[in-house]
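This report refers to the structure that appears directly beneath it.
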Amino acid sequence: MKIFSEIGSYLILLKNVFQVPENPKLYRKKLVFELQALGINSLPIVAVISIFVGAAIVIQLAANLSNPIYPRWITGFSSREGIMLEFAPTMINLVLAGKIGSHIASELGTMRITEQIDALDVMGVNSASYLILPKIVACIIFSPIIITVSTFLALLGGWFFGTITGVISSYDYLDGLQLDYTNHSLFVGLIKGFVYSFIISSVSAFRGYTVEGGALEVGHASTRAVVESCITLIIANLIITNLLL
Amino acid sequence: MIEIRNIYKSFSGRIVLNNISATFDAGRTNLTIGRSGSGKTVLMKSMVGLETIDSGQILFDGKDITTMNKKERHLIRERIGMVFQGGALFDSMNVADNVCFPLRMFTNMTPEEMNKRVDFCLERVGLSNVHTLNTSELSGGMRKRVAIARAIVGNPKYLFCDEPNSGLDPQTSILIDNLIKEITEEYNITTIVNTHDMNSVMGIGEHIIFIHEGNLAWQGTRHTITQTSNQELNDFMFNNELTKLLKASVQK
Ligand SMILES: Nc1ncnc2c1ncn2[C@@H]1O[C@H](COP(=O)(O)OP(=O)(O)OP(=O)(O)O)[C@@H](O)[C@H]1O
Ligand SMILES: [Mg+2]
(Lines give C-alpha, C1' and ligand atoms only; values in the text may rest on other atoms or scores of the structure.)
(Ligands and ions follow the chains in the order given, each with its own letter.)
Protein backbone atom coordinates (compact mmCIF):
# COMPACT_ATOMS: atom_id res chain seq x y z
CA MET A 1 0.00 0.00 0.00
CA LYS A 2 2.84 2.34 0.92
CA ILE A 3 4.24 2.20 -2.59
CA PHE A 4 1.01 3.60 -4.02
CA SER A 5 0.98 6.54 -1.66
CA GLU A 6 4.64 7.18 -2.48
CA ILE A 7 3.94 7.12 -6.20
CA GLY A 8 1.07 9.49 -5.50
CA SER A 9 3.33 11.91 -3.61
CA TYR A 10 5.88 11.64 -6.39
CA LEU A 11 3.28 12.62 -8.98
CA ILE A 12 2.01 15.49 -6.85
CA LEU A 13 5.56 16.75 -6.48
CA LEU A 14 6.02 16.56 -10.26
CA LYS A 15 2.86 18.58 -10.71
CA ASN A 16 4.33 21.29 -8.50
CA VAL A 17 7.64 21.09 -10.32
CA PHE A 18 6.17 21.72 -13.75
CA GLN A 19 4.83 25.21 -13.13
CA VAL A 20 5.66 28.47 -14.77
CA PRO A 21 8.66 29.87 -12.85
CA GLU A 22 8.09 33.04 -10.81
CA ASN A 23 11.17 34.69 -12.16
CA PRO A 24 12.54 33.34 -15.46
CA LYS A 25 15.81 35.22 -15.07
CA LEU A 26 16.71 33.55 -11.78
CA TYR A 27 15.54 30.29 -13.18
CA ARG A 28 17.89 30.55 -16.17
CA LYS A 29 20.76 31.33 -13.85
CA LYS A 30 19.97 28.23 -11.85
CA LEU A 31 19.76 26.17 -15.01
CA VAL A 32 23.23 27.25 -16.12
CA PHE A 33 24.53 26.32 -12.69
CA GLU A 34 22.92 22.88 -12.84
CA LEU A 35 24.20 22.25 -16.37
CA GLN A 36 27.63 22.70 -14.93
CA ALA A 37 27.04 20.74 -11.72
CA LEU A 38 25.11 17.83 -13.18
CA GLY A 39 26.22 17.82 -16.80
CA ILE A 40 29.74 19.03 -17.38
CA ASN A 41 30.98 17.62 -14.09
CA SER A 42 29.74 14.18 -15.14
CA LEU A 43 31.72 14.12 -18.37
CA PRO A 44 35.06 12.98 -16.93
CA ILE A 45 33.68 9.85 -15.32
CA VAL A 46 31.59 9.13 -18.42
CA ALA A 47 34.68 9.48 -20.57
CA VAL A 48 36.85 7.23 -18.47
CA ILE A 49 34.24 4.49 -18.16
CA SER A 50 33.32 4.65 -21.83
CA ILE A 51 36.86 4.32 -23.13
CA PHE A 52 37.76 1.37 -20.94
CA VAL A 53 34.50 -0.52 -21.00
CA GLY A 54 34.32 0.04 -24.77
CA ALA A 55 37.78 -1.48 -25.02
CA ALA A 56 36.79 -4.43 -22.85
CA ILE A 57 33.65 -5.07 -24.90
CA VAL A 58 35.59 -5.12 -28.18
CA ILE A 59 38.41 -7.29 -26.87
CA GLN A 60 35.99 -9.75 -25.29
CA LEU A 61 33.81 -9.95 -28.39
CA ALA A 62 36.80 -10.35 -30.67
CA ALA A 63 38.08 -13.20 -28.52
CA ASN A 64 34.71 -14.95 -28.42
CA LEU A 65 34.13 -14.53 -32.15
CA SER A 66 37.59 -15.46 -33.34
CA ASN A 67 36.39 -18.68 -34.94
CA PRO A 68 36.72 -18.31 -38.76
CA ILE A 69 33.09 -19.41 -39.27
CA TYR A 70 32.05 -15.90 -38.19
CA PRO A 71 32.37 -13.09 -40.69
CA ARG A 72 35.28 -10.77 -39.93
CA TRP A 73 33.08 -7.74 -39.48
CA ILE A 74 31.03 -9.36 -36.72
CA THR A 75 33.05 -7.89 -33.83
CA GLY A 76 32.80 -4.31 -35.03
CA PHE A 77 29.15 -4.72 -35.87
CA SER A 78 28.15 -6.27 -32.52
CA SER A 79 30.22 -3.79 -30.57
CA ARG A 80 28.49 -0.93 -32.30
CA GLU A 81 25.00 -2.27 -31.63
CA GLY A 82 25.74 -3.20 -28.05
CA ILE A 83 27.38 0.10 -27.27
CA MET A 84 24.77 2.27 -28.96
CA LEU A 85 21.73 0.41 -27.66
CA GLU A 86 22.72 -0.70 -24.21
CA PHE A 87 26.12 0.43 -23.00
CA ALA A 88 26.00 4.16 -23.73
CA PRO A 89 22.43 4.78 -22.65
CA THR A 90 21.79 2.17 -19.99
CA MET A 91 25.13 1.36 -18.39
CA ILE A 92 26.31 4.94 -18.36
CA ASN A 93 23.03 6.14 -16.91
CA LEU A 94 23.27 3.51 -14.19
CA VAL A 95 26.62 4.99 -13.29
CA LEU A 96 25.14 8.48 -13.44
CA ALA A 97 22.26 7.37 -11.23
CA GLY A 98 24.90 6.84 -8.59
CA LYS A 99 26.69 10.10 -9.18
CA ILE A 100 23.86 12.48 -10.00
CA GLY A 101 21.21 10.72 -7.94
CA SER A 102 23.13 10.90 -4.70
CA HIS A 103 24.20 14.45 -5.47
CA ILE A 104 20.63 15.66 -6.01
CA ALA A 105 19.14 13.74 -3.09
CA SER A 106 21.74 14.85 -0.59
CA GLU A 107 21.65 18.46 -1.74
CA LEU A 108 17.87 18.72 -1.51
CA GLY A 109 17.76 16.61 1.64
CA THR A 110 20.20 18.91 3.38
CA MET A 111 18.22 21.92 2.26
CA ARG A 112 15.11 20.29 3.67
CA ILE A 113 16.46 19.48 7.10
CA THR A 114 18.15 22.85 7.50
CA GLU A 115 14.83 24.54 6.66
CA GLN A 116 16.16 26.20 3.51
CA ILE A 117 13.22 24.78 1.59
CA ASP A 118 10.83 26.09 4.25
CA ALA A 119 12.48 29.47 3.92
CA LEU A 120 11.79 29.47 0.18
CA ASP A 121 8.21 28.41 0.73
CA VAL A 122 7.61 31.13 3.30
CA MET A 123 8.91 33.74 0.88
CA GLY A 124 6.24 32.62 -1.56
CA VAL A 125 8.64 30.86 -3.91
CA ASN A 126 7.47 27.59 -5.41
CA SER A 127 10.40 25.69 -3.96
CA ALA A 128 9.69 22.47 -5.85
CA SER A 129 9.78 24.20 -9.17
CA TYR A 130 12.65 26.53 -8.33
CA LEU A 131 14.90 23.77 -7.02
CA ILE A 132 13.93 20.73 -9.05
CA LEU A 133 12.91 21.91 -12.49
CA PRO A 134 16.36 23.25 -13.43
CA LYS A 135 17.88 19.93 -12.36
CA ILE A 136 15.50 17.88 -14.48
CA VAL A 137 15.90 20.18 -17.47
CA ALA A 138 19.69 20.20 -17.12
CA CYS A 139 19.79 16.41 -17.02
CA ILE A 140 17.56 16.11 -20.06
CA ILE A 141 19.51 18.69 -22.04
CA PHE A 142 22.74 16.92 -21.23
CA SER A 143 21.49 13.43 -21.92
CA PRO A 144 22.09 13.40 -25.72
CA ILE A 145 25.51 14.94 -25.18
CA ILE A 146 26.45 12.30 -22.64
CA ILE A 147 25.22 9.50 -24.86
CA THR A 148 26.95 10.79 -27.96
CA VAL A 149 30.21 11.35 -26.13
CA SER A 150 29.99 7.96 -24.48
CA THR A 151 29.19 6.11 -27.71
CA PHE A 152 31.99 7.83 -29.54
CA LEU A 153 34.58 7.24 -26.82
CA ALA A 154 33.54 3.62 -26.27
CA LEU A 155 33.91 2.84 -29.96
CA LEU A 156 37.15 4.76 -30.07
CA GLY A 157 38.46 2.96 -27.00
CA GLY A 158 37.48 -0.34 -28.57
CA TRP A 159 39.27 0.52 -31.76
CA PHE A 160 42.40 1.72 -30.00
CA PHE A 161 42.78 -1.13 -27.53
CA GLY A 162 41.43 -3.72 -29.94
CA THR A 163 44.06 -2.91 -32.52
CA ILE A 164 47.04 -2.34 -30.25
CA THR A 165 46.39 -5.65 -28.48
CA GLY A 166 46.08 -7.20 -31.90
CA VAL A 167 42.76 -8.99 -31.34
CA ILE A 168 41.19 -7.27 -34.33
CA SER A 169 42.45 -5.45 -37.39
CA SER A 170 41.59 -1.84 -37.83
CA TYR A 171 40.04 -2.55 -41.21
CA ASP A 172 37.69 -5.30 -39.95
CA TYR A 173 36.62 -3.23 -36.98
CA LEU A 174 35.81 -0.11 -38.96
CA ASP A 175 34.13 -2.21 -41.64
CA GLY A 176 31.90 -3.80 -38.99
CA LEU A 177 31.09 -0.42 -37.47
CA GLN A 178 29.75 0.85 -40.76
CA LEU A 179 27.87 -2.27 -41.79
CA ASP A 180 24.12 -1.74 -42.32
CA TYR A 181 24.26 1.48 -40.35
CA THR A 182 20.94 3.22 -39.90
CA ASN A 183 20.12 5.91 -37.41
CA HIS A 184 17.69 3.63 -35.63
CA SER A 185 20.11 2.57 -32.90
CA LEU A 186 21.11 6.12 -32.27
CA PHE A 187 17.47 7.09 -32.06
CA VAL A 188 16.70 4.33 -29.58
CA GLY A 189 19.75 5.25 -27.54
CA LEU A 190 18.71 8.90 -27.35
CA ILE A 191 15.13 8.05 -26.40
CA LYS A 192 16.45 5.85 -23.64
CA GLY A 193 18.74 8.63 -22.51
CA PHE A 194 15.87 11.10 -22.23
CA VAL A 195 13.73 8.72 -20.23
CA TYR A 196 16.56 7.68 -17.93
CA SER A 197 17.76 11.17 -17.20
CA PHE A 198 14.22 12.17 -16.33
CA ILE A 199 13.89 9.14 -14.04
CA ILE A 200 17.19 9.75 -12.29
CA SER A 201 16.69 13.45 -11.71
CA SER A 202 13.05 13.29 -10.67
CA VAL A 203 13.25 10.20 -8.46
CA SER A 204 16.30 11.48 -6.61
CA ALA A 205 14.79 14.93 -6.28
CA PHE A 206 11.68 13.34 -4.80
CA ARG A 207 13.71 11.41 -2.25
CA GLY A 208 15.75 14.45 -1.27
CA TYR A 209 12.90 16.93 -1.23
CA THR A 210 10.75 14.79 1.04
CA VAL A 211 13.37 13.93 3.68
CA GLU A 212 12.18 14.17 7.25
CA GLY A 213 14.53 14.11 10.18
CA GLY A 214 18.25 14.75 10.29
CA ALA A 215 21.59 14.00 8.68
CA LEU A 216 21.07 10.26 9.03
CA GLU A 217 17.87 10.42 7.03
CA VAL A 218 19.59 12.45 4.32
CA GLY A 219 22.04 9.60 3.97
CA HIS A 220 19.23 7.07 3.75
CA ALA A 221 17.40 9.21 1.20
CA SER A 222 20.50 9.43 -0.90
CA THR A 223 20.91 5.65 -0.91
CA ARG A 224 17.25 5.11 -1.71
CA ALA A 225 17.46 7.65 -4.50
CA VAL A 226 20.23 5.69 -6.18
CA VAL A 227 18.65 2.28 -5.67
CA GLU A 228 15.21 3.33 -6.80
CA SER A 229 16.53 5.25 -9.79
CA CYS A 230 18.48 2.17 -10.88
CA ILE A 231 15.53 -0.17 -10.51
CA THR A 232 13.14 2.15 -12.31
CA LEU A 233 15.72 2.65 -15.00
CA ILE A 234 16.17 -1.08 -15.58
CA ILE A 235 12.42 -1.60 -15.82
CA ALA A 236 12.15 1.32 -18.25
CA ASN A 237 14.98 -0.20 -20.28
CA LEU A 238 13.09 -3.44 -20.64
CA ILE A 239 9.93 -1.67 -21.73
CA ILE A 240 11.63 0.65 -24.22
CA THR A 241 13.75 -2.13 -25.67
CA ASN A 242 10.63 -4.18 -26.28
CA LEU A 243 8.69 -1.27 -27.73
CA LEU A 244 11.40 0.01 -30.05
CA LEU A 245 13.05 -3.25 -31.06
CA MET B 1 -2.92 42.18 12.29
CA ILE B 2 -2.89 38.44 12.68
CA GLU B 3 -5.56 36.61 14.56
CA ILE B 4 -5.47 32.94 15.44
CA ARG B 5 -8.55 31.14 16.61
CA ASN B 6 -8.82 27.76 18.30
CA ILE B 7 -5.72 26.21 16.83
CA TYR B 8 -5.22 22.51 17.37
CA LYS B 9 -2.18 20.65 16.14
CA SER B 10 -0.99 17.17 16.89
CA PHE B 11 1.81 14.94 15.66
CA SER B 12 0.72 11.32 15.28
CA GLY B 13 -1.84 11.63 18.04
CA ARG B 14 0.27 13.69 20.43
CA ILE B 15 -1.31 17.11 20.93
CA VAL B 16 1.25 19.89 20.59
CA LEU B 17 -1.03 22.90 20.32
CA ASN B 18 -4.23 22.75 22.27
CA ASN B 19 -6.88 25.33 21.41
CA ILE B 20 -4.75 28.43 21.05
CA SER B 21 -6.41 31.74 20.30
CA ALA B 22 -4.69 35.11 20.25
CA THR B 23 -4.50 38.42 18.45
CA PHE B 24 -1.27 39.97 17.25
CA ASP B 25 -1.60 43.64 16.44
CA ALA B 26 0.43 45.52 13.91
CA GLY B 27 3.00 48.04 15.08
CA ARG B 28 3.88 46.37 18.34
CA THR B 29 6.16 43.47 19.15
CA ASN B 30 4.26 40.35 20.07
CA LEU B 31 6.21 37.74 21.96
CA THR B 32 5.54 34.06 22.32
CA ILE B 33 7.35 32.66 25.31
CA GLY B 34 7.49 29.22 26.78
CA ARG B 35 9.85 26.49 27.78
CA SER B 36 11.79 24.47 25.29
CA GLY B 37 9.42 22.04 23.58
CA SER B 38 6.30 23.95 24.57
CA GLY B 39 5.23 24.45 20.96
CA LYS B 40 6.45 27.93 20.00
CA THR B 41 8.09 26.89 16.77
CA VAL B 42 5.19 24.69 15.77
CA LEU B 43 2.80 27.57 16.40
CA MET B 44 4.88 29.93 14.31
CA LYS B 45 5.24 27.46 11.47
CA SER B 46 1.53 26.80 11.58
CA MET B 47 0.84 30.50 11.26
CA VAL B 48 2.84 30.80 8.06
CA GLY B 49 1.41 27.56 6.72
CA LEU B 50 4.54 25.41 6.91
CA GLU B 51 2.68 23.05 9.23
CA THR B 52 -0.91 22.19 8.51
CA ILE B 53 -3.07 22.56 11.58
CA ASP B 54 -5.72 20.04 12.58
CA SER B 55 -8.36 22.72 13.07
CA GLY B 56 -8.66 26.42 13.71
CA GLN B 57 -8.35 29.68 11.83
CA ILE B 58 -5.37 31.87 11.04
CA LEU B 59 -6.42 35.29 9.84
CA PHE B 60 -3.99 37.65 8.13
CA ASP B 61 -5.81 40.96 8.21
CA GLY B 62 -9.08 39.13 8.22
CA LYS B 63 -8.25 36.57 5.54
CA ASP B 64 -7.89 32.95 6.57
CA ILE B 65 -4.62 31.54 5.24
CA THR B 66 -5.72 27.96 5.86
CA THR B 67 -8.56 28.17 3.35
CA MET B 68 -6.82 30.33 0.76
CA ASN B 69 -5.94 29.09 -2.66
CA LYS B 70 -2.31 28.83 -3.61
CA LYS B 71 -2.16 32.13 -5.43
CA GLU B 72 -3.62 34.16 -2.58
CA ARG B 73 -1.28 32.42 -0.18
CA HIS B 74 1.72 33.29 -2.32
CA LEU B 75 0.66 36.92 -2.33
CA ILE B 76 0.52 36.95 1.47
CA ARG B 77 3.81 35.11 1.70
CA GLU B 78 5.61 37.63 -0.42
CA ARG B 79 4.87 40.04 2.41
CA ILE B 80 6.17 37.70 5.12
CA GLY B 81 9.66 37.89 6.51
CA MET B 82 10.73 34.98 8.64
CA VAL B 83 13.79 34.24 10.72
CA PHE B 84 14.12 30.52 11.35
CA GLN B 85 15.47 29.18 14.59
CA GLY B 86 18.50 27.77 12.76
CA GLY B 87 18.87 30.65 10.34
CA ALA B 88 18.00 28.64 7.23
CA LEU B 89 20.50 30.53 5.10
CA PHE B 90 20.97 29.25 1.56
CA ASP B 91 24.36 27.62 1.74
CA SER B 92 24.84 27.74 -2.01
CA MET B 93 24.99 31.54 -1.88
CA ASN B 94 27.19 34.06 -0.15
CA VAL B 95 25.88 36.50 2.43
CA ALA B 96 24.96 39.30 0.04
CA ASP B 97 23.14 36.94 -2.32
CA ASN B 98 21.24 35.46 0.60
CA VAL B 99 20.01 38.85 1.70
CA CYS B 100 19.34 39.93 -1.86
CA PHE B 101 17.42 36.79 -2.80
CA PRO B 102 13.87 38.05 -2.06
CA LEU B 103 14.61 41.23 -4.00
CA ARG B 104 15.88 39.32 -7.01
CA MET B 105 12.92 37.01 -6.89
CA PHE B 106 10.09 39.46 -6.47
CA THR B 107 11.15 42.96 -7.41
CA ASN B 108 12.31 44.80 -10.51
CA MET B 109 14.99 46.74 -8.71
CA THR B 110 18.17 47.59 -10.54
CA PRO B 111 21.38 46.00 -9.27
CA GLU B 112 22.43 49.34 -7.74
CA GLU B 113 19.18 49.68 -5.85
CA MET B 114 19.48 46.11 -4.64
CA ASN B 115 23.05 46.61 -3.47
CA LYS B 116 22.04 49.70 -1.60
CA ARG B 117 19.17 47.94 0.09
CA VAL B 118 21.34 44.95 1.02
CA ASP B 119 24.03 47.23 2.47
CA PHE B 120 21.40 49.08 4.44
CA CYS B 121 19.91 45.92 5.92
CA LEU B 122 23.24 44.36 6.76
CA GLU B 123 24.27 47.56 8.44
CA ARG B 124 21.12 47.62 10.48
CA VAL B 125 21.91 44.21 11.93
CA GLY B 126 25.42 45.40 12.70
CA LEU B 127 27.27 43.59 9.95
CA SER B 128 29.64 45.08 7.45
CA ASN B 129 32.33 43.64 5.20
CA VAL B 130 30.71 40.23 5.22
CA HIS B 131 29.08 40.44 1.79
CA THR B 132 31.27 37.93 0.03
CA LEU B 133 31.61 35.44 2.88
CA ASN B 134 30.11 32.02 2.48
CA THR B 135 27.48 31.05 5.00
CA SER B 136 29.80 28.34 6.33
CA GLU B 137 32.28 31.04 7.30
CA LEU B 138 29.85 32.77 9.66
CA SER B 139 29.58 32.39 13.40
CA GLY B 140 26.24 31.35 14.86
CA GLY B 141 25.36 34.88 15.83
CA MET B 142 26.33 36.24 12.43
CA ARG B 143 24.09 33.66 10.76
CA LYS B 144 21.19 34.85 12.87
CA ARG B 145 21.83 38.44 11.90
CA VAL B 146 22.12 37.64 8.21
CA ALA B 147 18.83 35.77 8.52
CA ILE B 148 17.26 38.85 10.07
CA ALA B 149 18.65 41.04 7.32
CA ARG B 150 17.15 38.70 4.74
CA ALA B 151 13.80 38.70 6.53
CA ILE B 152 13.53 42.48 6.56
CA VAL B 153 15.03 43.23 3.16
CA GLY B 154 11.72 43.10 1.33
CA ASN B 155 9.91 45.45 3.74
CA PRO B 156 7.66 42.73 5.12
CA LYS B 157 4.21 43.40 6.43
CA TYR B 158 4.42 40.42 8.75
CA LEU B 159 7.62 39.50 10.53
CA PHE B 160 8.15 36.16 12.25
CA CYS B 161 11.28 35.62 14.30
CA ASP B 162 11.97 32.28 15.91
CA GLU B 163 14.43 32.99 18.71
CA PRO B 164 16.25 35.75 16.85
CA ASN B 165 18.75 36.30 19.62
CA SER B 166 19.49 32.88 20.95
CA GLY B 167 23.20 32.38 20.63
CA LEU B 168 23.97 36.07 20.53
CA ASP B 169 25.96 37.93 23.15
CA PRO B 170 23.83 40.15 25.44
CA GLN B 171 24.89 43.33 23.70
CA THR B 172 24.05 42.12 20.21
CA SER B 173 20.86 40.63 21.59
CA ILE B 174 19.71 44.03 22.73
CA LEU B 175 20.73 45.53 19.42
CA ILE B 176 18.61 42.97 17.59
CA ASP B 177 15.68 43.39 19.96
CA ASN B 178 15.75 47.11 19.47
CA LEU B 179 16.03 46.73 15.74
CA ILE B 180 12.96 44.51 15.67
CA LYS B 181 11.03 46.94 17.84
CA GLU B 182 12.10 49.93 15.76
CA ILE B 183 11.16 48.57 12.37
CA THR B 184 7.95 47.18 13.77
CA GLU B 185 6.90 50.64 14.84
CA GLU B 186 8.41 52.46 11.89
CA TYR B 187 6.69 50.39 9.21
CA ASN B 188 3.72 49.25 11.24
CA ILE B 189 4.67 45.59 10.88
CA THR B 190 2.85 42.75 12.56
CA THR B 191 5.72 41.17 14.41
CA ILE B 192 5.77 37.91 16.30
CA VAL B 193 8.89 36.83 18.14
CA ASN B 194 9.50 33.49 19.84
CA THR B 195 11.89 33.76 22.71
CA HIS B 196 12.89 32.49 26.09
CA ASP B 197 15.22 35.35 26.71
CA MET B 198 14.31 37.36 29.82
CA ASN B 199 15.97 40.50 28.50
CA SER B 200 13.76 40.44 25.42
CA VAL B 201 10.67 39.87 27.49
CA MET B 202 11.37 42.83 29.73
CA GLY B 203 12.79 44.94 26.93
CA ILE B 204 10.35 44.65 24.05
CA GLY B 205 7.43 42.57 25.33
CA GLU B 206 4.52 44.78 24.44
CA HIS B 207 2.20 41.82 24.10
CA ILE B 208 3.21 38.46 25.44
CA ILE B 209 1.60 35.06 25.20
CA PHE B 210 2.91 32.26 27.34
CA ILE B 211 2.58 28.73 26.01
CA HIS B 212 2.83 25.92 28.49
CA GLU B 213 2.73 22.35 27.21
CA GLY B 214 0.73 23.38 24.19
CA ASN B 215 -1.78 25.48 26.10
CA LEU B 216 -2.08 29.22 26.12
CA ALA B 217 -1.43 29.65 29.83
CA TRP B 218 -1.21 33.40 30.14
CA GLN B 219 -1.13 36.61 28.14
CA GLY B 220 -0.23 40.16 29.04
CA THR B 221 2.57 42.69 28.74
CA ARG B 222 6.03 43.15 30.20
CA HIS B 223 4.41 45.34 32.84
CA THR B 224 1.85 42.83 33.97
CA ILE B 225 4.16 39.82 33.81
CA THR B 226 5.82 40.72 37.11
CA GLN B 227 2.48 40.65 38.87
CA THR B 228 1.29 37.35 37.57
CA SER B 229 0.05 34.71 39.93
CA ASN B 230 0.35 32.01 37.26
CA GLN B 231 2.59 29.40 38.85
CA GLU B 232 4.09 28.02 35.63
CA LEU B 233 4.85 31.48 34.32
CA ASN B 234 6.47 32.45 37.60
CA ASP B 235 8.57 29.31 37.50
CA PHE B 236 9.51 30.03 33.91
CA MET B 237 10.28 33.72 34.32
CA PHE B 238 11.56 34.19 37.81
CA ASN B 239 13.69 31.17 38.36
CA ASN B 240 17.03 32.65 39.43
CA GLU B 241 18.28 35.13 41.96
CA LEU B 242 18.55 37.97 39.51
CA THR B 243 15.04 37.72 38.15
CA LYS B 244 13.63 37.11 41.64
CA LEU B 245 15.29 40.32 42.78
CA LEU B 246 13.88 42.07 39.76
CA LYS B 247 10.40 40.89 40.52
CA ALA B 248 10.66 41.90 44.15
CA SER B 249 11.88 45.36 43.26
CA VAL B 250 9.13 45.89 40.72
CA GLN B 251 6.46 44.77 43.15
CA LYS B 252 7.62 47.20 45.79
N1 LIG C 1 7.85 17.38 12.89
C2 LIG C 1 7.52 16.99 14.13
N3 LIG C 1 7.10 15.73 14.36
C4 LIG C 1 6.74 15.33 15.60
N5 LIG C 1 6.79 16.10 16.69
C6 LIG C 1 7.21 17.37 16.53
C7 LIG C 1 7.59 17.88 15.26
N8 LIG C 1 7.95 19.17 15.41
C9 LIG C 1 7.81 19.45 16.72
N10 LIG C 1 7.35 18.38 17.40
C11 LIG C 1 7.05 18.34 18.85
O12 LIG C 1 6.28 19.46 19.15
C13 LIG C 1 6.64 19.96 20.44
C14 LIG C 1 6.86 21.43 20.33
O15 LIG C 1 8.04 21.67 19.58
P16 LIG C 1 8.55 23.11 19.22
O17 LIG C 1 9.67 22.96 18.26
O18 LIG C 1 7.41 23.95 18.80
O19 LIG C 1 9.11 23.63 20.61
P20 LIG C 1 9.67 25.06 20.95
O21 LIG C 1 8.74 25.68 21.90
O22 LIG C 1 9.93 25.81 19.71
O23 LIG C 1 11.02 24.70 21.69
P24 LIG C 1 12.44 25.43 21.63
O25 LIG C 1 12.36 26.59 22.54
O26 LIG C 1 13.38 24.39 22.12
O27 LIG C 1 12.69 25.80 20.20
C28 LIG C 1 7.84 19.18 20.89
O29 LIG C 1 7.41 18.28 21.87
C30 LIG C 1 8.30 18.43 19.68
O31 LIG C 1 8.75 17.16 20.05
MG1 LIG D 1 11.59 26.44 18.72
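Convention: sequence-line order gives letters A, B, ...; per-chain numbering from 1.
Neither the backbone nor the side chain of A:Phe33 comes within contact range of chain B, judged by heavy atoms closer than 4.5 Å. When heavy atoms are compared at a cutoff of 4.5 Å, B:Arg150 approaches chain A solely by way of its side chain, counted from C-beta outward. Of the atoms belonging to B:Ile76, not a single heavy atom falls under 4.5 Å from chain A.
In terms of heavy-atom pairs under 4.5 Å with chain B, the best-connected choice from A:Asp118, A:Thr114, A:Asn23, A:Leu26 is A:Asp118. Looking only at heavy-atom pairs under 4.5 Å with chain B, the residue among A:Gln116, A:Lys25, A:Glu107 that has the most is A:Gln116. Annotation: maximal heavy-atom pairing with chain A below 4.5 Å, among B:Glu78, B:Gln85, B:Met105, occurs at B:Met105. When each of B:Leu89, B:Val48, B:Ile80, B:Asp91 is scored by its heavy-atom pairs under 4.5 Å with chain A, the top score falls to B:Asp91.
No side-chain donor from either of B:Arg117 and B:Asn115 sits under 3.5 Å from a side-chain acceptor of the other. Side-chain polar atoms of A:Thr241 and A:Lys192 form a donor-acceptor pair below 3.5 angstrom. If you check the side chains of A:Thr90 and A:Tyr196, you find a donor sitting under 3.5 Å from an acceptor. For the 3.5 Å distance criterion, the side chains of A:Asn41 and A:Gln36 qualify, holding a donor opposite an acceptor.
The existence of a salt bridge linking B:Arg28 and B:Glu185 is excluded, since no basic side-chain nitrogen approaches an acidic carboxylate oxygen closer than 4.0 Å.
Screening B:Thr190, B:Ile192, B:Thr191 for a side chain to side chain contact (heavy atoms under 4.5 Å, CB included) involving B:Tyr158 leaves a single residue, B:Thr190.
Taking non-hydrogen atoms and a 4.5 Å limit, the residue list of residues 61-75 of chain B in contact with chain A, ordered by number, reads B:Lys70, B:His74.
A 4.5 Å side-chain heavy-atom check between A:Ser202 and A:Ile132 finds every atom pair outside the cut-off. In this structure the side chain of B:Glu3 never reaches within 4.5 angstrom of the side chain of B:Phe24, judged on heavy atoms.
B:Lys9 forms a cation-pi arrangement with B:Phe11, by the criterion of a distance under 6.0 Å to the ring centre and an angle within 45° of the ring axis.
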